[in-house]
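For the single chain, residues carry numbers from 1 onward in sequence order.
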Amino acid sequence: MSSTIANTNHSDPLPARAVRLAAALEEWPRRTISLAEVWDVYATADPASATRPTRRAELATTLEALTAARLITCSRTRDTSAMPALPTRLTLPSAQASPTAAALARAIAWRPELAWATTARLTVGQVEVLRAVNTWLRDRGRDDDSAPLRERSLEVFGYEKRLDALLGTSLFAPDRLSLALLRAFRSRPPLSTRRVGDGPVMLVVENADTFDTLSQVLSDAPCEVGWIAWGAGAAFEASVASIAELTEVRCVAYFGDIDADGLRIPTSASVTAAREELPPVQPATGLYQLLLQAGVPQQGQPRLSQDRAAELTSWLGEPHASQSAALLIGGCRLAQETVGKRLLMTAPQWRDGLDWPGP
């Protein structure tokens, strides 16, 4: 396999080092990147360069190649603290298919499972992802063993979280990549639970202190909550799948902070629960009502747009969704620790929403 590809905008081929840097730059979150930041990205794309005395000259040549391929635009201002001079800032194009990526794809001998790559509209970074998969299929494609997603990700890409980021992209659209093709599966992280009664309801709590408080209260005054679980923050987005092992659970209620993360977590978990045909993840309405009534808004959060706030809070249902959206739009949050033991003992209506609606 050739280490260079034809550059349709320039007579010279695009070196493999330039391809790797272009792919790494596609991950950059902004359209502009300073020279200091370019050095950091370059260290990731070409770690072997760290000890080479020609490193600066190699970066200059690489940037020239990417400029010729119209994959970057260099600023006119230059850093002349050493030679050769380098641009002080790069401007990156919007992520889109490019002639360079198409040429790169055509230069690769694809496995039959990836033959679609020759005609797909891809970016340079996407081609590099598929190249890694292509190599893995060639070398390990006949192995029968499946593996957890992050183990397979480390094996294919050298980074255990790479597949997590790729799953929501167009590379995993129908008839493209799939976990089945990679013989990978999502493992079910354990969910920390405590038995507090005989009921069919599981109450999941985002944070450890509130989990401890509600455990005590529910143990002293049982209701239809049979289990209380510590969601451990964002971990619940994955550990929700472990509920499948608790066949007695018929209903899942969730209570967390009223902020962007605290609402994204149960929304994501509810999608996973539906996909895995688990009991739906529903808001613990009485606890959220108590939090909205008693909580003192904490400022200093990013102000969200109306659309984003509405998207995050829709899971709560009305009227709690509108009240919570107003907080997010105003850059405020409510911490679930507001709902302490003293408040729970004096406001029994917090148990609303913790009943099992039946079959």
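Between Arg162 and Val129, the shortest heavy-atom contact is NH2-CG2, 3.6 Å. Closest of all the heavy-atom pairs between Leu334 and Gly295 is CD2-C, 3.6 Å. Of all heavy-atom pairs spanning Trp110 and Thr118, the tightest one is CD1-CG2, 3.4 Å. Of all non-hydrogen atoms in Tyr42 and Ser49, the two that sit nearest each other are CE2-OG, 3.6 Å. Pairing each heavy atom of Thr169 with each of Leu166, the nearest pair is OG1-O, 2.7 Å. Closest approach of Pro266 to Val281, counting heavy atoms only: O-CG1, 4.3 Å.
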Check against side chain to side chain contact (heavy atoms under 4.5 Å, CB included), Leu191 and Met202 | CA-CA 11 Å; Leu191 183 63; Met202 171 180 282; 3.9 Å; yes
Given side chain to side chain contact (heavy atoms under 4.5 Å, CB included), test Val339 with Thr213 step by step and report yes or no.
-> CA-CA 9 Å; Val339 183; Thr213 293; over 6 Å; no
Do Glu318 and Ser322 pass the side chain to side chain donor-acceptor pair (under 3.5 Å) test, and can you show the C-alpha distance, the side-chain angles, and the key distance before you say yes or no?
-> CA-CA 6 Å; Glu318 294 298 348; Ser322 296; 2.8 Å; yes
Leu122 and Leu171: side chain to side chain contact (heavy atoms under 4.5 Å, CB included), yes or no, with the steps?
-> CA-CA 9 Å; Leu122 302 170; Leu171 288 180; 4.0 Å; yes
Derivation of the side chain to side chain contact (heavy atoms under 4.5 Å, CB included) call for Leu182 and Arg140 = CA-CA 10 Å; Leu182 295 170; Arg140 299 291 305 277; over 6 Å; no
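Judged as a salt bridge (charged side-chain N to carboxylate O under 4.0 Å, His left out), and not counting sequence neighbours, the contacts of Arg20 are Asp46. Annotation: salt bridge (charged side-chain N to carboxylate O under 4.0 Å, His left out) contacts of Arg308 (sequence neighbours excluded): Glu311. Take Asp40 and apply the salt bridge (charged side-chain N to carboxylate O under 4.0 Å, His left out) test, not counting sequence neighbours, and it matches no residue. In this structure, the salt bridge (charged side-chain N to carboxylate O under 4.0 Å, His left out) partners of Asp261, at least two apart in sequence or on a different chain, are Arg264.
Counting heavy atoms from C-beta outward, Trp28 and Leu90 have side chains that stay 4.5 Å or more apart. Residues Leu287 and Leu203 have side chains in contact (heavy-atom distance under 4.5 Å, counting atoms from C-beta outward). Counting only heavy atoms from C-beta outward, the side chains of Leu167 and Leu179 approach each other to under 4.5 Å. Here the side chains of Leu181 and Leu137 are in contact, with some heavy-atom distance below 4.5 Å. Between Arg31 and Thr91 the shortest side-chain heavy-atom distance falls below 4.5 Å. Using a 4.5 Å cut-off on side-chain heavy atoms (C-beta onward), Glu27 and Thr44 make no contact. The closest side-chain heavy-atom distance from Thr67 to Glu64 is not below 4.5 Å. No side-chain heavy atom of Leu214 sits under 4.5 Å from any side-chain heavy atom of Gln336.
No side-chain donor from either of Glu245 and Ser242 sits under 3.5 Å from a side-chain acceptor of the other. Using a 3.5 Å distance cut-off with no hydrogens or angles, the side chains of Ser81 and Asp79 do pair a donor with an acceptor. No donor-acceptor contact under 3.5 angstrom links the side chains of Gln216 and Asp220, judged on distance only. The closest side-chain donor-acceptor pair between Gln126 and Ser170 falls under 3.5 angstrom.
One finds a salt bridge joining Glu37 and Arg30 here, because a Lys/Arg side-chain nitrogen approaches an Asp/Glu carboxylate oxygen to under 4.0 Å. Residues Arg183 and Asp145 are not paired through a salt bridge, judged by the lack of any N-O separation under 4.0 Å between the basic side chain and the carboxylate.
Atom CZ of Arg275 has more than 12 heavy atoms from other residues, nucleotides or ligands within 6.0 Å. Around atom CZ of Arg195, more than 12 heavy atoms belonging to other residues, nucleotides or ligands sit under 6.0 Å away. Counting heavy-atom neighbours within 6.0 Å of Arg303 CZ, excluding the residue itself, gives a total of 12 or less. The number of heavy-atom neighbours closer than 6.0 Å to CD of Glu248, taken from other residues, nucleotides and ligands shown, is above 12. Atom CD of Gln306 sits in a sparse spot, with 12 or fewer heavy atoms from other residues, nucleotides or ligands closer than 6.0 Å.
The distance from atom CD1 of Ile108 to atom CG of Leu130, rounded to the nearest 0.5 Å, is 8.0 Å. In this structure, CG in Leu263 is found 10.5 Å from CZ in Arg333, a value given to the nearest 0.5 Å. Note that CD of Glu155 is 6.5 Å distant from CH2 of Trp136, once rounded to the nearest 0.5 Å. Asp257 CG to Thr210 OG1: the interatomic distance, rounded to the nearest 0.5 Å, is 7.5 Å. Taken to the nearest 0.5 Å, the CZ atom of Arg17 stands 11.5 Å off from the CG atom of Leu66. Annotation: the span from Gln299 atom CD to Leu327 atom CG amounts to 10.5 Å, rounded to 0.5 Å.
Remark: side-chain polar atoms of Asp259 are not paired, donor with acceptor, to backbone N or O of Ala335 under 3.5 angstrom. Proximity of a side-chain donor or acceptor of Trp350 to a complementary backbone N or O of Leu344 within less than 3.5 Å is detected. At distances below 3.5 Å, not a single donor-acceptor pair connects side-chain atoms of Glu128 with backbone N or O atoms of Val19. In this structure a side-chain-to-backbone donor-acceptor pair under 3.5 Å is present from Ser153 to Leu163. Judged by distance alone, the side chain of Ser268 and the main-chain N or O of Ile265 form no donor-acceptor pair under 3.5 Å.
Residue Leu35 is grouped with residue Val41 when hydrophobic side chains (ILVMFWY) are merged at heavy-atom distances under 4.5 angstrom, including chains of intermediate members. The cluster map of Ile, Leu, Val, Met, Phe, Trp and Tyr, joined by side-chain heavy atoms under 4.5 Å apart, puts Leu25 and Trp39 in the same cluster. Leu292 and Trp315 fall within a single hydrophobic cluster, where Ile, Leu, Val, Met, Phe, Trp and Tyr are joined by side-chain heavy atoms under 4.5 Å apart, directly or via other members. With hydrophobic clusters built from ILVMFWY side chains whose heavy atoms lie under 4.5 angstrom apart, Leu291 does not share a cluster with Ile329. Cluster membership for Phe172 and Leu114, using ILVMFWY side-chain heavy atoms within less than 4.5 angstrom, is shared.
Here ring pair (Phe, Tyr, Trp, His ring centres under 6.0 Å) pairs that include residues 238-282, with residues two or more places apart or in two chains, are Phe236-Tyr254, Phe255-Tyr288.
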Less than 3.5 Å apart, which donor and acceptor atoms pair up between the side chains of residues 222-235 and the rest of the protein, not counting sequence neighbours?
residue : atom : partner : partner atom : Å
Trp230  : NE1  : Glu206  : O            : 3.3

